[in-house]
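Input: a single structure, listed below in structure tokens.
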Protein chains: 2
Amino acid sequence: MGPTIHDVARLANTSKSTVSRYLNGQKVKRATQEALDRAIEELNFHRNANARRLVMDKTNTIGVVVDNISNVFYSGIIRGIEIVAGRRGFNCIFYSWTSNYGSEREFLSLLYEGQVDGLILVSFQKRTAEDLAVFRDSEYPVALVGDHGEMEGLMSVDVDNAAGLEEIVRYLHGLGHREIAYIAGPPHAGASKYRLKGFRQSMEALGLTENPAWIAESDWSNQGGYEAMRRLLKAGGFTAVVASNDETAIGALRAIQEQGLSVPSRLSLVGFDDISISEWVFPSLTTVRQPFQEIGMLAAEGLFRRIEGEDERIDSRSYSLLKPHLIVRDSCDRPTSI
Amino acid sequence: MGPTIHDVARLANTSKSTVSRYLNGQKVKRATQEALDRAIEELNFHRNANARRLVMDKTNTIGVVVDNISNVFYSGIIRGIEIVAGRRGFNCIFYSWTSNYGSEREFLSLLYEGQVDGLILVSFQKRTAEDLAVFRDSEYPVALVGDHGEMEGLMSVDVDNAAGLEEIVRYLHGLGHREIAYIAGPPHAGASKYRLKGFRQSMEALGLTENPAWIAESDWSNQGGYEAMRRLLKAGGFTAVVASNDETAIGALRAIQEQGLSVPSRLSLVGFDDISISEWVFPSLTTVRQPFQEIGMLAAEGLFRRIEGEDERIDSRSYSLLKPHLIVRDSCDRPTSI
DNA sequence: CACATTTTCGGGAACGTTCCCATTTTAACA
DNA sequence: TGTTAAAATGGGAACGTTCCCGAAAATGTG
């Protein structure tokens, strides 16, 4: 298994207690320190993490569970988490549950088994109330990203989806658009629900009528956006399209361009999320930026407050809704006069 | 710390040995089994992973180190690794080293400290010969993705970059292109080197002359591709552009479209990698597909052969080069007649 | 130099498992 | 029922650390 502190002690002519102390940063006599350094170097000694964790009941590691680890979408969140964890001297390990695991719930065992000190669950997919209850009742440090604080007593962070949609609709309205189509996301996903609600509310607030034929549903994939847009184009009659996420918007863009229509001169298009590609497509996509890094940082900070026992009692303050903001690019223009 | 097997034993009126055996799948008397099930359920018992790992000197976990965990690019590789690990009953944990860590080498300590049983390093960035030597000399199971087997005795998997470029050039040549520009990647990255070499060799093999003004260097980013393309457009005179990766190609596409030129009627464009966006851009991008999932699976299989001791001696067989293949989409056409 | 105080050190228990080995219980068979 | 074989069980050592506590050494003070 490699050399142990006992081996180091023997070689340095001292005891394992002294080695342990030295490794943990306590002072030892100058002479012993030098002997220890030599012994550690010579044996290429590394402390066994499992033994340490066993006795200390602490791993200095947090687990981050992402429903699809390679979604560009999550990169900012992950980075935010890493920054905060780094500051606290914690490591992050990532788990992806798309492939091998059945549900987020299974990852609680990481906590029970002492593999991590806390868990951040990142997902914008559907979570059942039952799932949420299990996390809450576990009494372990768990933070959720992508949840509108639907379960009392659980830490969660999300973006204010409805507010984002309001910005979009107001912007389009300001450009002169009155006929606006909408590509919705999967109805079960929380974020999708809130975005649709935000769209409806702001349309109504501005006195715009919502045409049922101008609302298409997609699965938030590129292909889904493409198909939804083709359906909308058959109906026709609108001057702008709001897609409820960027991936969908880019699919829609393809459908529009395939019909020989031009964006933005003939049709304006807006997305939501501001994923990196949105800046690259042609024309570049006007969208609403989620403060991804901040989301990750907030979730991590909340988690560490619990891990370090600063927050004994979880209360409603542990739920944060962040304001997104509009990024104006080239995919919108005034509507063409009829 | 939660209940231990000793607590379970007491509640079920038996000994910790019996509990341990039962948990490890050995037979116990029917009566004790029922009592144990009840006790485990009642106490909500979970085995302490650190204690198990300490005594067994085995974690059943492999570490996957990715230089940028949220690069879409890596998603297929990660998936391939997960599939193979799942089959063997191993867990995967992912480490991202962009942010907090200095180099891939640091992750060797995961092995020394007994946190993982093996390590897969995924990176297409530069690796120094010194790095490679450290991995080889560690004598622990390590597999590399994105390395052309440059260090004898190290397991590695990569795609045959030169062969991919040959496919591209032959395809363009077949369409009638004779004047071909090239956007190269960062000169230090291995893959970039091999792609450029492949381009040159196949140009020469087909009797095409390489114009130095038609070779631009980029950093493999979208923005880099955009800038490189603008430089190429100033030179002009070619009918097709080969970008050495898709991200660059998409940046180049933007530059071309901004100039009011059309792809493919005025200029043909090819990328490399086949990342997911390539299918979505307009026009969809002709490119070379890397067999990402297979790459991941091969690396993992090699690693498990070492972990499970099937491969005592690492030999040259442990280095695999996979053939990529051309995906024809809409970004290429015959050259326009002058 | 004697004594008190501080610093450094070493021994041993503990963490929660697994696994070996000896013992007890059960089953098989005459 | 007695004997033997097989199955089930319990006790204890071990894994490599940390941490407590008492002993030893070093330092300070008169």
Side-chain angles (χ1 to χ4, degrees), chain A residues 1-37 39-40 43-61 89 91 109-117 140, chain B residues 1-37 39-40 43-61 89 91 109-117 140:
Chain A
M1 204 186 311
T4 73
I5 64 173
H6 192 252
D7 299 322
V8 175
R10 208 164 10 152
L11 193 60
N13 242 314
T14 177
S15 73
K16 61 179 169 40
S17 305
T18 305
V19 181
S20 174
R21 267 190 299 264
Y22 178 54
L23 291 171
N24 287 305
Q26 285 187 45
K27 255 216 324 240
V28 296
K29 263 210 316 216
R30 187 55 182 264
T32 43
Q33 169 178 343
E34 280 165 6
L36 285 173
D37 282 337
I40 289 169
L43 296 169
N44 188 26
F45 167 79
H46 291 258
R47 277 184 289 188
N48 183 297
N50 301 312
R52 305 192 67 204
R53 292 172 171 193
L54 173 60
V55 57
M56 298 197 294
D57 194 22
K58 185 104 200 292
T59 63
N60 259 285
T61 299
N91 296 314
S109 64
L110 295 173
L111 252 5
Y112 287 127
E113 294 173 357
Q115 299 200 45
V116 297
D117 297 336
Y140 277 96
Chain B
M1 204 185 312
T4 72
I5 64 173
H6 192 252
D7 299 322
V8 175
R10 208 165 9 151
L11 192 60
N13 240 314
T14 176
S15 73
K16 65 180 165 38
S17 304
T18 304
V19 181
S20 174
R21 267 189 299 264
Y22 177 54
L23 292 171
N24 286 304
Q26 287 187 43
K27 256 217 322 244
V28 296
K29 262 210 316 216
R30 186 56 182 263
T32 43
Q33 168 176 344
E34 281 165 5
L36 284 173
D37 282 337
I40 289 169
L43 296 170
N44 188 25
F45 168 78
H46 292 257
R47 276 184 291 189
N48 182 297
N50 300 312
R52 305 192 66 203
R53 290 172 172 194
L54 173 60
V55 56
M56 298 197 295
D57 194 21
K58 185 108 200 291
T59 62
N60 261 285
T61 299
N91 297 313
S109 63
L110 295 174
L111 252 5
Y112 287 128
E113 295 173 356
Q115 299 200 46
V116 297
D117 297 336
Y140 277 95

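In what follows, chains carry the letters A, B, and so on, assigned in the order in which the sequence lines appear, proteins first and then strands, with residues in each chain numbered from 1.
In the region residues 12-28 of chain B, proximity to DNA chain D at under 4.0 angstrom, judged on heavy atoms, holds for Thr14(B), Ser15(B), Lys16(B), Ser17(B), Thr18(B), Arg21(B), Lys27(B), Val28(B). Within residues 48-59 of chain A, the residues having any heavy atom under 4.0 Å from DNA chain C are, by residue number, Leu54(A), Val55(A).
Expressed to the nearest 0.5 Å, how far CG of Leu23(A) lies from CZ of Phe45(A) amounts to 5.5 Å. Ser15(A) contributes atom OG, which lies 8.5 Å from atom CD1 of Ile5(A) (distance to the nearest 0.5 angstrom).
A close approach under 4.0 Å does not occur between any side-chain nitrogen or oxygen of Lys29(A) and OP1 or OP2 of dT7(C).
The side chain to side chain contact (heavy atoms under 4.5 Å, CB included) check on Asp37(A) picks up Tyr22(A), Gln33(A), with sequence neighbours excluded. Scanning for ring pair (Phe, Tyr, Trp, His ring centres under 6.0 Å) contacts around Tyr140(B) gives Tyr112(B), with sequence neighbours left out. Not counting sequence neighbours, the partners of His46(B) by the side-chain hydrogen bond (donor to acceptor under 3.5 Å, both in side chains) test are Asn44(B). By the side chain to side chain contact (heavy atoms under 4.5 Å, CB included) test, Thr61(B) pairs with Arg53(B), Thr59(B), Asn91(B), Ile93(B), Val116(B), sequence neighbours left out. Not counting sequence neighbours, the partners of Thr14(A) by the side-chain hydrogen bond (donor to acceptor under 3.5 Å, both in side chains) test are Thr18(A). When the side chain to side chain contact (heavy atoms under 4.5 Å, CB included) test is applied to Asn13(B), no partner is found at least two apart in sequence or on another chain.
The nucleotide range of DNA chain D contacted by chain B, defined by atoms under 4.0 angstrom from heavy atoms of the protein and reported 5' to 3', is dA8(D) to dG16(D).
Within the 4.5 Å cutoff, side-chain heavy atoms of Arg52(A) are placed close to those of Asn24(A).
With axes fitted over five pairs at each extremity, the angle between the ends of the helix from dC1(C)-dG30(D) to dA30(C)-dT1(D) is 30° (10° resolution).
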Stepwise side-chain contact (heavy atoms from CB on, under 4.5 Å) test for Asn48(B) and Thr4(B): CA-CA 8 Å; Asn48(B) 182 297; Thr4(B) 72; over 6 Å; no

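Applying the salt bridge (charged side-chain N to carboxylate O under 4.0 Å, His left out) test to every pair with at least one member in residues 16-31 of chain A, sequence neighbours left out, gives these pairs: Arg30(A)-Glu34(A). Pairs of residues two or more places apart, or lying in two chains, that qualify as salt bridge (charged side-chain N to carboxylate O under 4.0 Å, His left out) and include a residue from residues 4-14 of chain B are Asp7(B)-Arg10(B).
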